[in-house]
Amino acid sequence: MRSPSNRRRDEILYSALALISGGILCVWGGLGPAQAEPPAAEPAAVAAPTVVPDGGAPATAPAPLSATVRIVFSTVPSAKAMVYWGKKRLGLIEPRKPLIVQRPRDSGPLDLMVRAEGFLPVQTRVYTFADGKIAVKLTPPDQKKTLLGYREPPPPDAGSQSGGGAPDGGVADPAAP
């Protein structure tokens, strides 16, 4: 059993920890330990119009967002490429001339496939919550080892050399002796 002095010491320690943790929570919540309650509402001051530094007209509110977004596609290196959305052809990216697609704002993501002759196909996703520019990096087939996630294909005779299968490379009959 604990002595009364140890019990009192533990109570003080737990009280101090509670005060410290409560103070930290108040600071993390944006209030200091002395401001446990939000301050009383102060009268709102009248805001003066914002003046441009060159003495121009006051700044106005930003224009409302348009109903559509513009997505600009280009390729690196510059090449002739076709952009597909599923089976639907969205358009052609010409060398040094981008493809511009307009879509309804917030109509969901577009999963696209970009195909160019002499290059590997590229899958990408485009979002429609804001205007955007997409530069698609094209990779020739002989440089596919440089891509993230590339794996060497298995050797063509790897299936017939395994010890668990039939001698002809097919599936062994489990009923055979």
Side-chain angles (χ1 to χ4, degrees), residues 21 24-31 38 47 49-177:
S21 64
I24 290 173
L25 290 177
C26 287
V27 170
W28 280 346
L31 299 174
T50 307
V51 178
V52 181
D54 63 354
T60 60
L65 297 175
S66 66
T68 61
V69 293
R70 284 183 53 182
I71 303 167
V72 180
F73 294 96
S74 61
T75 58
V76 176
S78 186
K80 185 177 181 179
M82 190 63 64
V83 179
Y84 294 95
W85 179 31
K87 291 186 177 185
K88 182 180 180 182
R89 186 177 125 186
L90 286 183
L92 181 68
I93 302 173
E94 296 284 340
R96 292 183 266 323
K97 184 178 176 192
L99 169 67
I100 300 172
V101 176
Q102 288 206 350
R103 298 284 305 157
R105 184 175 297 277
D106 291 329
S107 60
L110 300 173
D111 290 320
L112 303 172
M113 177 72 73
V114 179
R115 295 182 185 271
E117 191 172 325
F119 295 97
L120 296 172
V122 178
Q123 292 180 346
T124 187
R125 176 172 278 186
V126 178
Y127 296 97
T128 58
F129 52 80
D131 293 347
K133 292 182 179 180
I134 307 296
V136 179
K137 181 181 180 283
L138 299 175
T139 306
D142 61 341
Q143 294 179 2
K144 64 183 173 184
K145 291 182 181 183
T146 63
L147 296 175
L148 181 66
Y150 172 78
R151 286 198 269 174
E152 282 285 333
D157 60 335
S160 64
Q161 296 295 329
S162 64
D168 61 353
V171 178
D173 183 18

note = CG of Leu92 to NZ of Lys97, rounded to nearest 0.5 Å, is 9.0 Å
key: Gap between atom CG of Leu138 and atom CZ of Arg115 - 0.5 Å precision   = 12.5 Å
Can you confirm whether [X] sits close enough to [Y] that some side-chain heavy atom of one is under 4.5 Å from a side-chain heavy atom of the other?
| X | Y | answer |
| --- | --- | --- |
| Lys80 | Ile93 | no |
| Val72 | Leu99 | no |
| Thr139 | Leu147 | yes |
| Pro77 | Phe119 | yes |

If I compare all heavy atoms of [X] with all of [Y], which pair ends up nearest, and what's the gap?
| X | Y | result |
| --- | --- | --- |
| Val76 | Ala135 | CG2-CB, 4.2 Å |
| Lys145 | Tyr150 | CG-CE2, 3.5 Å |
| Thr128 | Val69 | O-CG1, 3.5 Å |
| Asp111 | Arg125 | OD1-NE, 2.6 Å |
| Phe73 | Leu112 | CZ-CD1, 3.3 Å |
| Ser78 | Arg96 | OG-N, 2.6 Å |

request  = Evaluate the criterion side chain to side chain contact (heavy atoms under 4.5 Å, CB included) for residue pair Lys133 and Ser74; output intermediate values, then yes/no.
outcome  = CA-CA 8 Å; Lys133 292 182 179 180; Ser74 61; over 6 Å; no
Quick one: does [X]'s side chain have a donor or acceptor within less than 3.5 Å of a partner on [Y]'s backbone?
| X | Y | result |
| --- | --- | --- |
| Thr68 | Arg103 | no |
| Arg89 | Tyr84 | no |
| Thr75 | Ala79 | yes |
| Arg70 | Ile100 | no |

request  = Check the pair Val122 / Lys137 against side chain to side chain contact (heavy atoms under 4.5 Å, CB included), numbers first and verdict last.
outcome  = CA-CA 8 Å; Val122 178; Lys137 181 181 180 283; over 6 Å; no
